[in-house]
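What follows is one structure encoded as structure tokens, with my remarks underneath.
Excluded from the calculations below are hydrogen atoms, water molecules and symmetry mates; all remaining heavy atoms, backbone and side chain alike, are included. Start at 1 with the first residue, then count along the sequence.
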Amino acid sequence: MQHEVKIPSLGESIVSGIITQWNCSNGDYVKEGDVLYELETDKITSEGAAEVSGTVEILAELDAEVNIGQVVAKIDDAVAAPEETPEAKEVPAETTQDASSEPTPKPDNGKQAPSVERIAAQTGIDPSSVEGTGKAGRVTKGDMLKASESVSDKTTNGAEPEATTEPVSPGPVSKATSAPAPEAVAKPVVASSDRVTRKKMTPIRKKIAERLVSVKNEAAILTTFNEVDMSAVMKLRKEMQEDFVKAHGVKLGFMSFFVKAVVGALKAVPGINAQIDGNEIVTNHFYDIGVAVGTDRGLVVPVIRDCEQLSFAEVEQALVGYANQAKAGKITIEDMQGGVFTISNGGVYGSLLSTPIINPPQSGILGMHTIQERPIAVNGEVQIRPMMYLALSYDHRIVDGKEAVSFLINIKQAIENPSRLLFGI
């Protein structure tokens, strides 16, 4: 009987994805539960497993975009599992071609996905030297691409490249170069290590690019700015850090202060806790806050639920948990759904100022930035204070300038007087 392998639903906002890896080939025998493919979307990477055992027929090509519900393979469960005999296991590698008439199953140990083997052949990188993040430590296509990027970085810093991985566009020939053959005069070639390096855009990066452009085209995004004196928070954090770690097992960071400040600001300015749904305005009465987390594969925004009910310690524990999941590539679509507002901290990378892009259907996003000591006027005197620029990008279709400015002022007041957060005012 033929069983169809369909792309499952991954969330209400995901309608398609790209198959970046097949872990089997046409005619392979797979067992129930075996991972057949990897699917990348603009949010997450997921795996598709076999629901039955049998021989597989692949219907979707590698790197093809597939829709939710599309049949990408079929499994024939009428075929019995091949038996591996002791004699087959002992056949030396040199004699396997002569014994090809006897069907022997492919060993699982050491077997790499076709996409991994292809990248290994192109780059010269041994998959066994790469740390795998896939199931059971399997090396994935993403792991190989990351390793390839690391090699490229070393090359640009002065190391000699082992191999040229991608062709580049023709460029000018140096005068010091000997005269080329007549047929090559029209198309001179420059080595990739000399001037440029080309690599294929990853599917998830394509999706992120498309999504960001669509947001800019659909929403009327405006950004307003303010600055906040971080002295009080930094002093409180320094005084309480040791006791906080002993009591809760996590460090007290800046983000928990801003999460609680955002909750207070959303309560004070409920217009920002709303979104457009067709011809209707939907106002939310809950406070699920998304926090942008950078990963090697792109930006993900896991959501901390019911932040108004959480303590500072619970917020910090949630942040640590998500950071570990993101590092391991274990963030799920459920982790990123349902947020009403997003916080993005570009300051961890040294950003002084930015205009963040909202995460639809949300109507606002807060951008935090690096802390710098700057001279400011305090009670008629010039003092050096640790200052941070804040940016609020908002959808001007639903949020007015007055609401946006009031929102930022609420956050500024809460951070500069953190006791307000402790008492919920």
Original post:
Do side-chain atoms of S393 reach the backbone of P356 as a donor and acceptor pair under 3.5 angstrom?
Top reply: yes

Original post:
Given side chains that start at C-beta, do those of I304 and Y322 come closer than 4.5 Å, heavy atoms only?
Top reply: yes

Original post:
Just one of H369, M388, M368 clears the side chain to side chain contact (heavy atoms under 4.5 Å, CB included) bar with V228, so which one?
Top reply: M388

**OP:** Verify side chain to side chain contact (heavy atoms under 4.5 Å, CB included) between E38 and I19, making sure each step is shown before the conclusion.
**Re:** CA-CA 6 Å; E38 286 189 4; I19 294 181; over 6 Å; no

Original post:
More than 12 foreign heavy atoms under 6.0 Å from CD of E32: is that the case here?
Top reply: yes

**OP:** Step through the shown structure and confirm whether more than 12 heavy atoms of other residues, nucleotides or ligands are within 6.0 Å of NZ on K6.
**Re:** no

Original post:
Do D335 and V303 have side-chain heavy atoms sitting under 4.5 Å apart?
Top reply: no

**OP:** Determine, stepwise, if the pair Y29 / S53 fulfils side chain to side chain contact (heavy atoms under 4.5 Å, CB included).
**Re:** CA-CA 7 Å; Y29 185 86; S53 300; 3.5 Å; yes

**OP:** Would you mind reporting whether F312 and H248 have side-chain heavy atoms less than 4.5 Å apart?
**Re:** no

**OP:** Find out whether F225 and T355 are in side-chain contact, i.e. whether some heavy atom of one side chain is under 4.5 Å from a heavy atom of the other.
**Re:** yes

Subject >> Among V293, V320, V300, I331, the one residue meeting side chain to side chain contact (heavy atoms under 4.5 Å, CB included) with Q325 >> reply: I331

Original post:
Hey, does I371 have a side-chain heavy atom less than 4.5 Å from the side chain of F254?
Top reply: yes

Subject >> Inter-residue atom distance D229.CG - E227.CD, 0.5 Å rounding >> reply: 8.5 Å

Subject >> Option among V399, L266, N273 that satisfies the side chain to side chain contact (heavy atoms under 4.5 Å, CB included) test with F407 >> reply: L266

Subject >> Interatomic spacing from CZ in R397 to CD1 in I281 - rounded to 0.5 Å >> reply: 10.0 Å

**OP:** Hey, could you give me the CG/CH2 distance between D63 and W22, rounded to the nearest 0.5 Å?
**Re:** 12.0 Å

Original post:
Do K251 and E316 have side-chain heavy atoms sitting under 4.5 Å apart?
Top reply: no

Subject >> Candidate pair N26 and E57, rule side chain to side chain contact (heavy atoms under 4.5 Å, CB included), full reasoning >> reply: CA-CA 5 Å; N26 271 319; E57 177 188 0; 4.1 Å; yes

Original post:
Does the side chain of Q275 come under 3.5 Å of the side chain of D277 through a donor N or O and an acceptor N or O?
Top reply: no

Subject >> Side chain proximity check, I272 to Y394, heavy atoms < 4.5 angstrom >> reply: no

**OP:** Measure the spacing between CE of M230 and CZ of F257 and express it to the nearest 0.5 Å.
**Re:** 8.5 Å

**OP:** Rounded to the nearest 0.5 Å, what's the gap from OG1 on T223 to CG on L392? Could you check?
**Re:** 7.5 Å

Subject >> side chain to side chain contact (heavy atoms under 4.5 Å, CB included) between V215 and I358, intermediate numbers included >> reply: CA-CA 8 Å; V215 172; I358 61 175; 4.0 Å; yes

Original post:
Can you check whether I357 reaches I221 side chain to side chain, under 4.5 Å on heavy atoms?
Top reply: yes

Subject >> Gap separating the CG atom of L62 from the CD1 atom of I18, nearest 0.5 angstrom >> reply: 10.5 Å

